[in-house]
Number of protein chains: 2
Amino acid sequence: MSSVREIAQQAGVSITTVSRVLNNHPRVSAKAREKVLSAANRARYQPTVGRKSTVNIALLYTGALAVGSAFDAALMEGMTTGMEEFGYDLVVLDGTRARQPDETFSQMFMRKGIRGVILRSSATARGPAQEVADEGFPAVVLGDRFDHPSMTFVGSDSRAASREAVQHLIDLGHKHIGVVTNVEDDCDHIDRIHGYHDAMEAAGLSHASSLVFRTPAHRVGGEAFMNRFASMPNRPTALYFVDPIPGFAAINQAQTLGIRVPEDLSIVGFDDHEWRFMSRPAMTAVCQDAIALGRSAFQALNQLIERPGQTPRVEAKPAWLEVHASTGPLAHVHG
Amino acid sequence: MSSVREIAQQAGVSITTVSRVLNNHPRVSAKAREKVLSAANRARYQPTVGRKSTVNIALLYTGALAVGSAFDAALMEGMTTGMEEFGYDLVVLDGTRARQPDETFSQMFMRKGIRGVILRSSATARGPAQEVADEGFPAVVLGDRFDHPSMTFVGSDSRAASREAVQHLIDLGHKHIGVVTNVEDDCDHIDRIHGYHDAMEAAGLSHASSLVFRTPAHRVGGEAFMNRFASMPNRPTALYFVDPIPGFAAINQAQTLGIRVPEDLSIVGFDDHEWRFMSRPAMTAVCQDAIALGRSAFQALNQLIERPGQTPRVEAKPAWLEVHASTGPLAHVHG
DNA sequence: AACACACGTGAAACAGTTTCATCATACTCG
DNA sequence: CGAGTATGATGAAACTGTTTCACGTGTGTT
């Protein structure tokens with residue numbers, strides 16, 4: 001439909017200049033760049049090579065997140081299952097590095113032949129996601145959520161399951177229950193804490209901020225927290241770990257420190273794989289299906305690509321509670 | 001250097017036909033396809049779009065393997081660290097699906113603008129890797145190894161570390177030692193079993209094939225093996241699990257069945273993350289650094305791309321033994 | 001005032017892809 | 001058996017996007 005030649009005419013410049021702007025060459029005046037970009041946006045320009053459209057989907061990491069966790073691997077597996085059918089390939093990008101200076105995200109995506117983006121963002125590093133949203137490029141945010149009129153979000157609804165999890169602890173007789181979360185928030189994490197609040201409030205129990213603990217979401221973080229926990233006076237009898245790894249690390253470290261699980265301390269964790277069966281005792285956990293999450297993200301994105309101008313939406317995949325052996329009845333009264 | 005026009009002249013056809021062959025259009029005769037492909041190979045044809053070369057690196061999965069494991073995520077993280085610097089992006093491909101009918105791998109790679117490939121193959125699904133190797137496309141095989149004059153391989157040298165691991169068991173007084181491996185072999189697995197053989201043989205102990213057990217490399221496989229193991233007469237006093245997940249599952253299941261670890265059974269596992277610290281007892285394991293492995297694979301591939309015609313090589317990253325709490329001295333004499 | 005130089009720009013050349021017309025061959029139906 | 005029709009292979013030309021090269025133009029320097 002729209003070509004560099006057409007954009008050039010619209011903007012009153014040569015096709016050379018258009019190409020330069022789109023490829024972020026340095027030798028182009030701010031005025032020309034401005035004219036070209038506005039014309040390109042108005043025309044909903046999408047580059048084709050020869051006549052063939054490029055067909056890639058990007059998985060864009062922003063900020064502290066990086067490919068490398070088992071969760072991300074599962075997400076990718078889910079995404080790719082649907083993609084082949086539509087002839088897309090998955091390109092993995094680092095939002096902090098792949099962009100050239102002064103380049104907008106849309107420019108970068110066009111340059112790389114990318115048709116749609118799945119964004120992995122967190123609350124502390126939302127800049128890029130916000131930018132992509134503002135530029136109107138087809139995109140889906142995965143695992144985070146923020147206020148934006150035209151963005152589609154896919155995540156898991158862990159609030160309800162988190163509430164159930166804490167209710168399970170309450171049903172076992174626990175009254176003094178803490179929650180352990182990452183030092184960095186994203187909406188999924190905040191949801192889980194809300195779920196904790198919901199259950200505690202409904203039961204008339206205290207959920208003071210002193211019961212919300214923070215530790216980095218890795219093994220050492222989980223162990224360090226447990227060491228700190230062991231020396232706390234009047235410590236909770238049950239904990240809900242909102243991140244997978246620290247939960248597992250804590251189950252171990254607790255026992256190493258002589259705190260029996262679940263006799264002395266009940267632990268509910270979070271799991272997006274099968275690791276809950278691997279701890280000893282097996283971990284009672286709020287579970288989500290990472291593969292399904294990835295699949296949904298692609299499907300939502302694909303709809304956005306096929307029918308642009310669609311109403312954005314928020315999709316919440318279910319999460320669920322599985323009771324295993326790391327939680328048990330309150331054995332003896334503290335104090 | 002070489003363009004479709006040049007290839008067309010060489011092959012005595014039009015540029016249209018060349019483009020069609022390279023894009024695997026159906027309407028082209030076998031004879032014309034043959035002529036064009038041979039001319040393209042002779043000229044070391046590499047497509048450019050406009051004038052700009054495309055710059056992608058593919059991670060190609062073949063056969064049963066799929067993106068989705070934590071190991072693969074770590075490999076990817078390693079690969080991508082080096083790639084940005086050279087302006088490459090990572091594209092994830094499924095070798096069984098991304099290819100169009102009758103298309104060679106080289107054709108597919110050229111079509112997708114891919115400059116080099118990292119191959120994840122296993123012994124049972126080597127077809128694609130072999131094919132890529134035969135076509136002479138820049139490629140590195142990761143985690144597998146086979147006989148090919150022009151292929152570069154990157155893997156971890158787990159034979160020596162495996163030998164050490166079994167020697168560690170022998171030093172603890174164990175004489176009746178088994179090894180548990182996947183139902184599917186790749187060279188890394190075979191190496192580990194060789195390491196087991198090495199140690200057993202050096203110590204004059206039996207390593208009969210009845211001591212090599214096979215179970216699928218997932219949790220249920222590990223648990224099922226342990227159930228089987230529990231009912232074995234005259235069972236080994238120590239086991240070396242050559243895959244990570246079954247090892248962890250076995251540590252748990254053993255204890256669930258009343259087999260104490262390490263008092264009744266010593267277990268050495270395999271780990272490419274930090275999970276060895278997460279089991280209870282913490283797992284004595286042969287460890288490899290998946291991120292470093294991924295990084296090395298890209299570096300080797302990059303050299304191949306920058307200086308074609310280089311001598312292929314076999315690169316073995318170190319693996320090492322870490323002794324933790326799942327192994328212990330032989331407590332009481334069996335039999 | 002004359003010169004050098006960087007910068008912005010576009011014409012033209014180039015790389016690849018697709019459309020459309022052409023020709024040959026095979027197949028169908030009277 | 002022969003005329004008409006479908007099908008398959010092919011190339012010229014049109015089209016998309018990128019890069020080279022040459023050309024002003026303004027700015028600073030001596």
Side-chain angles (χ1 to χ4, degrees), chain A residues 1-41 43-56 87 100-103 106-115, chain B residues 1-41 43-56 87 100-103 106-115:
Chain A
M1 212 55 38
S2 61
S3 68
V4 272
R5 267 122 186 133
E6 209 170 303
I7 305 280
Q9 201 170 20
Q10 284 280 325
V13 296
S14 72
I15 55 167
T16 312
T17 303
V18 174
S19 179
R20 276 202 262 259
V21 170
L22 262 26
N23 288 285
N24 212 41
H25 270 255
R27 294 283 181 79
V28 54
S29 66
K31 201 161 64 183
R33 161 169 285 130
E34 172 59 34
K35 279 192 295 186
V36 169
L37 279 180
S38 113
N41 279 338
R44 294 235 173 285
Y45 173 74
Q46 208 150 43
T48 54
V49 175
R51 267 291 165 67
K52 170 194 265 185
S53 313
T54 47
V55 280
N56 287 320
Q100 289 175 5
D102 283 336
E103 199 179 22
S106 297
Q107 268 178 281
M108 179 187 77
F109 295 142
M110 290 193 298
R111 180 163 58 81
K112 291 181 185 291
I114 286 161
R115 284 282 272 279
Chain B
M1 210 56 36
S2 60
S3 67
V4 271
R5 265 114 186 142
E6 209 171 303
I7 305 278
Q9 202 171 18
Q10 283 280 325
V13 297
S14 72
I15 56 166
T16 312
T17 304
V18 174
S19 178
R20 275 201 263 259
V21 170
L22 263 25
N23 289 287
N24 211 41
H25 270 255
R27 292 286 180 78
V28 55
S29 66
K31 203 161 63 181
R33 162 169 283 131
E34 171 60 34
K35 278 192 295 185
V36 169
L37 280 179
S38 111
N41 279 337
R44 294 240 171 281
Y45 173 74
Q46 208 148 41
T48 54
V49 174
R51 265 295 163 67
K52 172 193 268 186
S53 311
T54 49
V55 281
N56 288 320
Q100 290 176 5
D102 282 335
E103 199 177 21
S106 296
Q107 266 177 281
M108 179 187 77
F109 295 141
M110 291 192 297
R111 179 163 60 82
K112 291 182 187 287
I114 286 160
R115 283 280 272 280

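A note on names: the letters A, B, ... follow the listed sequences, proteins ahead of strands, and every chain is numbered from 1.
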| field | Interatomic distance where CD1 belongs to I7(B) and C1' belongs to dG16(C) [whole Å] | value | 13 Å

| task | Quick one: list whatever passes side-chain contact (heavy atoms from CB on, under 4.5 Å) with S14(A), sequence neighbours left out. | result | T16(A), T17(A)

| task | Could you state the atom-to-atom distance from CD of Q9(A) to P of dG10(C) in whole Å? | result | 13 Å

| said: I need the minimum non-hydrogen distance between R33(B) and V28(B), along with the two atoms involved. | reply: NH2-CG1, 3.5 Å

Name the pairs: protein N/O against N/O of nucleotides 9-11 of chain D, kept only if under 3.5 Å.
from	atom 1	to	atom 2	distance (Å)
dT10(D)	OP1	S29(B)	OG	3.0
dT10(D)	OP2	S29(B)	N	3.0
dT10(D)	OP2	S29(B)	OG	3.2
dG11(D)	OP2	S14(B)	N	3.0
dG11(D)	OP2	S14(B)	OG	3.0
dG11(D)	OP2	T17(B)	OG1	2.6
dG11(D)	N7	R20(B)	NH2	3.0
dG11(D)	O6	R20(B)	NH2	3.0

| message | My understanding is that only residues two or more places apart in sequence, or in another chain, count here; which of them pass side-chain contact (heavy atoms from CB on, under 4.5 Å) with A11(A)? | response | V13(A), K35(A), V36(A), A39(A)

| note | Between A8(B) and V18(B), the two heavy atoms sitting closest are CA-CG2, 3.5 Å

| field | Nearest listed nucleotide, side chain of S19(A), among dT18(D), dG17(D), dT18(C) | value | dT18(D)

